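Reviewing the structure listed below.
What you see is a predicted model; the values in this text were computed from it and never measured. Order of the sequence lines fixes the chain letters, A, B, ..., with proteins taken first and strands second; residue numbering starts at 1 for each chain.
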Protein chains: 2
Amino acid sequence: MQEAIFLMHDSLFKHIEIRTSEKLTDYEKEIISDAFAKKRMRKRQFFLQEGDVCKHLGFIVKGSSRMFSVDEKGHEHIIHFGLESWWLTDPESSIQLIPSRYFIEMLEDSELLVISLPDVYELRNKSRGFDLTFRALDKFSTIAMHKRIHAAIGMTAEERFSDLSSTYPEFLKRFPMNMIASYLGLSPETLSRVRKNAIRK
Amino acid sequence: MQEAIFLMHDSLFKHIEIRTSEKLTDYEKEIISDAFAKKRMRKRQFFLQEGDVCKHLGFIVKGSSRMFSVDEKGHEHIIHFGLESWWLTDPESSIQLIPSRYFIEMLEDSELLVISLPDVYELRNKSRGFDLTFRALDKFSTIAMHKRIHAAIGMTAEERFSDLSSTYPEFLKRFPMNMIASYLGLSPETLSRVRKNAIRK
DNA sequence: AAATTGTCTTGACAAATGTCAAGTCCGGGC
DNA sequence: GCCCGGACTTGACATTTGTCAAGACAATTT
């Protein structure tokens, strides 16, 4: 049992060391382990639900997720996906401490590491590697969101799909097409037709 | 002359103190002043051009800007606008040190404060207020980009325009409608029609 | 003042995308 | 093994949005 916990944390340590290009000290590993709780979630369980304030940050050790909103007409819009070593949070809710407009749902049986936001803050002060990781993540996600905006306002359906295929090929293997369509802001039917055309070429 | 420079820096100091809710020390003001250079730019001048690596950060003391890309068909897509006390940069280019895919153009005669990226890094280490400002900006821009993605993939033209009107009413006063259309990912004609309908209601 | 340029609108038409309905295929639950 | 529901596709049609062309008007330049 204890072993399994260490294995989960190892995946987080690895993530941090890769992102920062620095080794974690034993002390850092210890305080990081203490701050994160292991959490198993089943397919279709919600990490966050609309109306809740997002007070925790999740790290995906194994599994996948989607973050989506539901509009007045009941249509779902997928803001983004999560896969192994991605983080789960609603920045809008967690930064401003307001109720979230989104759901975060696990798409497979998953294993997470969960930490409270005050603990994140504390850990960033205590561990340089931990702090650097979050700075790097901020930069990384800024670039990714920029590209996404660019794609959404400036590309046709076909270009957006082709862009996704090269940027996140993993998405096509792990997520059903109707969700990919929602992520791209298309109807499933349009995506289906776009794909048929793309193959012909 | 010296006076004018101080006035410009004052606008930056004020911005930092508001963002951080803390007073800057005299020492901080001094090193910040030293690191930023004053720069006047005329309408239609470029702060950044496609293909250049973005090595400077700009702070708008007075004036406005737009950041846009040009696609293969020659169409421009506005990624975002800048107004007084907004920052000018291409995160993708400046973080990864790769050539930019964007232009940043001033839309009015403007006054900027400009700093090199290494100096930003140094200043963040030396001044707590300066560092906190950039952390706050990162959070702020993360939330803003999230909303923008949500709008782009999940809203109709009319909803996007109405969303923009309430979020950034200033844009409508300062920027021509064809640029607003580009920002929303619409043709100018569509925006014109959308506005006509919106008024009727 | 005249000429030029830019901004915005409008109409007619074309293209892209959404909606609704039906049908096939596949895999999980019983 | 059978049944059922989800995933994906296809067709017909509606709606939205884009494109092209023209014109009114205002601001800017000369």
A:Asp52-A:Ser100 side chain donor-acceptor pair, cut-off 3.5 Å
no
The correct set of residues in residues 178-189 of chain A placing a heavy atom under 4.0 Å from DNA chain C is A:Gly185, A:Leu186, A:Ser187, A:Glu189
With a 3.5 Å cut-off and no angle check, do the side chains of A:Trp86 and A:His15 form a donor-acceptor pair?
no
Between A:Arg195 and D:dT9, is there a side-chain N or O to OP1/OP2 distance below 4.0 Å?
yes
Rounded distance (Å) that lies between atom P of D:dA7 and atom CD of A:Glu76:
11 Å
Heavy-atom nearest nucleotide on DNA chain D taken for B:Met155 and for B:Lys43; more 5' hit belongs to B:Met155
Residues B:Ser182 and B:Glu76: side-chain donor-acceptor under 3.5 angstrom:
no
I want to check a possible cation-pi pair here: A:Arg148 against A:Tyr183, using under 6.0 Å from ring centre and within 45° of the ring axis as the test.
yes
Is the distance between the ring centroids of A:Phe68 and A:His80 less than 6.0 Å?
no
Measure from NZ or CZ of A:Arg174 to the centre of the six-membered ring of A:Tyr168, then state whether that distance is under 6.0 Å and the direction lies within 45° of the axis.
no
Which is more 5' along DNA chain D, the nucleotide nearest B:Arg44 or the one nearest A:Leu191? Just name the residue.
A:Leu191
I need the CZ-P distance between B:Phe161 and D:dT16, as an integer number of Å.
18 Å
Nearest whole Å is fine: how far is D:dA12 P from A:Arg193 CZ?
11 Å
Whole-Å distance, B:Met177 CE to D:dA26 P, equals 17 Å
Distance test, side-chain N/O of A:Ser192 to OP1/OP2 of D:dC8, below 4.0 Å:
no
Any side-chain N or O of A:Lys196 less than 4.0 Å from the OP1 or OP2 oxygen of D:dT9?
no
Partners passing side-chain contact (heavy atoms from CB on, under 4.5 Å) against B:Arg42 (at least two apart in sequence or in another chain)
B:Gln45, B:Asp109
Is the distance between the ring centroids of A:Phe171 and A:Phe81 under 6.0 Å?
yes
What are the 5'-most and 3'-most nucleotides of DNA chain C lying under 4.0 Å from any heavy atom of chain B?
C:dT7 to C:dA12
A:Ser93 side-chain N/O to A:Ile98 backbone N/O, donor-acceptor pair under 3.5 Å
yes
